[in-house]
2 protein chains.
Amino acid sequence: MLDLAILGLLFEQEMHGYEIRRRLRDELGLFANISFGSLYPALSRLERSGAVAVTESGGTSSAPLLSTGSLGGERAGLRARRSGATLGTKRSRKVYRITGQGRALFEQLLEGEEPAGADDARSFGLRLAFARHLAPSARLALLERRRAQLTRRLATDLVRASGDRLDVYTRSLVEHSTESTEHDIAWLDRLIDAERQKQAASRTDGARSADSTDPSDPHSGDAMTSSSPTGAS
Amino acid sequence: MLDLAILGLLFEQEMHGYEIRRRLRDELGLFANISFGSLYPALSRLERSGAVAVTESGGTSSAPLLSTGSLGGERAGLRARRSGATLGTKRSRKVYRITGQGRALFEQLLEGEEPAGADDARSFGLRLAFARHLAPSARLALLERRRAQLTRRLATDLVRASGDRLDVYTRSLVEHSTESTEHDIAWLDRLIDAERQKQAASRTDGARSADSTDPSDPHSGDAMTSSSPTGAS
DNA sequence: ATTTCGATGTATCAATCCGATACATCGAAA
DNA sequence: TTTCGATGTATCGGATTGATACATCGAAAT
């Protein structure tokens, strides 16, 4: 769950933990505030499993942090890079970058079925936020899976909420929830429509850049169109 | 969080665990599927703290009544029961009922500020589902607190999502999220309006049944109008 | 100039929740 | 008679949270 988010951000560029949190909060509205108590353990997990690699940059005080940092000139580097937002100094920082294994894991997680459980909204939203890395067909499948999920929920909700014994507040809550779900479905329908049109256009158009939604992304759905569907473990 | 939901249900009538889960799922649409892995520990917690009391039903004679903390060999015990030790047992069921202490805890939890964290929607929805147990003023405060929360979120979201570098899918996600929040706020405005009118009516009307939204509820907001805000431990 | 204060940055802890799983009974369909 | 799905209680491992701790930095306040 969090792994997917982290790998998705690191897919674009390397980052340190605090920055990952900031991006998650600011860029994707999801994960309003990811806790460090889940972020750092997740990073450790990913590092342990070889999905990300870390380069530590300078500690001045107490602990003899393993100085295996492949980079030498922090001081020169910090001045040179002051243009960006992510620049830092010698304050102890661990910069994470994704590995090849991590990229494979990312695509696997992204393509995998999202859990139908408690926070399915987050799970779906997260995948949609990285949908540009999916092949057009997988993208469409994601949207339709979500649509089916919401439709199913709506059906069972209506059966249940038909109860007349609910008090005013609970009834209003259920009704509003139903409306919201319908709103979501309508939104998904628009997205699905757009996807279908895009795919139709790309078919008539030959194989132009029609399935690329973000030209800045060097992948734009070619890596996965050719990958085998069973994709190993 | 879950404690509030459990106590809220037991406030109305006694129940066993499975039934609590069913009601949570069917009656309140929230908590789509509460896990037993959280429900049963929560019930144990509440029992240990004295908020609920349990009566085991099912033994032909309620003789066994094993000490509630016995965690030595449940599985072995169940097997033994089946093999022939205590026979004729109806299906084991634990019926939970709320205690006076539990009622106090419920009101305290219900009145307490909801966390602004990850699943604030659930936290608010849960409180709204039990809003009939709140005094009119506390009810109004709950709604307005939620409104302020959403407004705040909307403001910060707009500042952030102004970024133009988002791809199509992420942008659509953020936009839809913003719309949903606005929809929620409009809904809250309707609820707040209704509450205000009800209060105004009850003031001009004297002290008729104007603030009771559910006549079947014997409390209807008198117990908490007189409770001190600092409410002990 | 020095203190104060908030943002940056990494990290751990207890509590909680979830999903999976196990075990067991029951009624009804096959 | 067996099978099967609903009912019912319970535990386990893993993930997430909120709180807390520690430390450095930049800038405003004194």
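Just so you know, these numbers use all the heavy atoms, side chains as well, and skip hydrogens, waters and symmetry mates.
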Starting at atom [atom1] of [X], determine the distance to atom [atom2] of [N], rounded to an integer number of angstrom.
X        : N       : atom1 : atom2 : result
Ile6(A)  : dT10(C) : CD1   : P     : 12 Å
Met1(A)  : dG14(D) : CE    : C1'   : 15 Å
Ile34(A) : dT10(C) : CD1   : P     : 15 Å
Asn33(B) : dA6(D)  : CG    : P     : 13 Å
Tyr18(A) : dA23(D) : OH    : P     : 18 Å
Arg25(B) : dG19(C) : CZ    : P     : 14 Å
Asp3(A)  : dA15(D) : CG    : C1'   : 9 Å
Arg21(B) : dC17(C) : CZ    : P     : 15 Å

Is [Y] paired with [X] through a side-chain N to carboxylate O contact shorter than 4.0 Å?
X         : Y         : value
Asp120(B) : Arg153(B) : yes
Glu56(B)  : Arg93(B)  : no
Glu111(A) : Arg127(A) : no
Arg23(A)  : Glu19(A)  : yes

Output field: ring centroids Tyr96(A)/His16(A) closer than 6.0 Å: no
Is the centre of the Phe106(A) ring less than 6.0 Å from the centre of the Phe130(A) ring? yes
Restricting both atoms to N or O, compile the protein contacts to nucleotides 11-15 of chain C shorter than 3.5 Å, with distance only.
unit_1: dA11(C); atom_1: OP1; unit_2: Lys94(A); atom_2: NZ; d: 2.9
unit_1: dT12(C); atom_1: O4; unit_2: Gly37(A); atom_2: N; d: 3.4

Lys NZ or Arg CZ of Arg132(B) over Tyr169(A) ring: under 6.0 Å, within 45°: no
If you find the nucleotide of DNA chain D closest to Arg22(B) and the one closest to Gly117(B), which residue's nucleotide is nearer the 5' end? Arg22(B)
Among side-chain atoms of Trp187(B) and Ser180(A), is any donor-acceptor pair under 3.5 angstrom?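 No pair is found: no donor N or O on one side chain lies under 3.5 Å from an acceptor on the other.
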How does DNA chain C look in dot-bracket notation if pairs are Watson-Crick or G-U with both distances under 3.5 Å, crossing ones as [ ], other-strand ones as |? ||||||||||||||||||||||||||||||
Nearest to the His16(A) side chain among dT9(D), dT17(D), dG9(C), which nucleotide is it?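 Within the option list, the nearest is dG9(C).
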Using the test side-chain contact (heavy atoms from CB on, under 4.5 Å), find all partners of Glu144(B) that sit at least two apart in sequence or belong to another chain. Leu140(B), Ile192(B), Arg196(B)
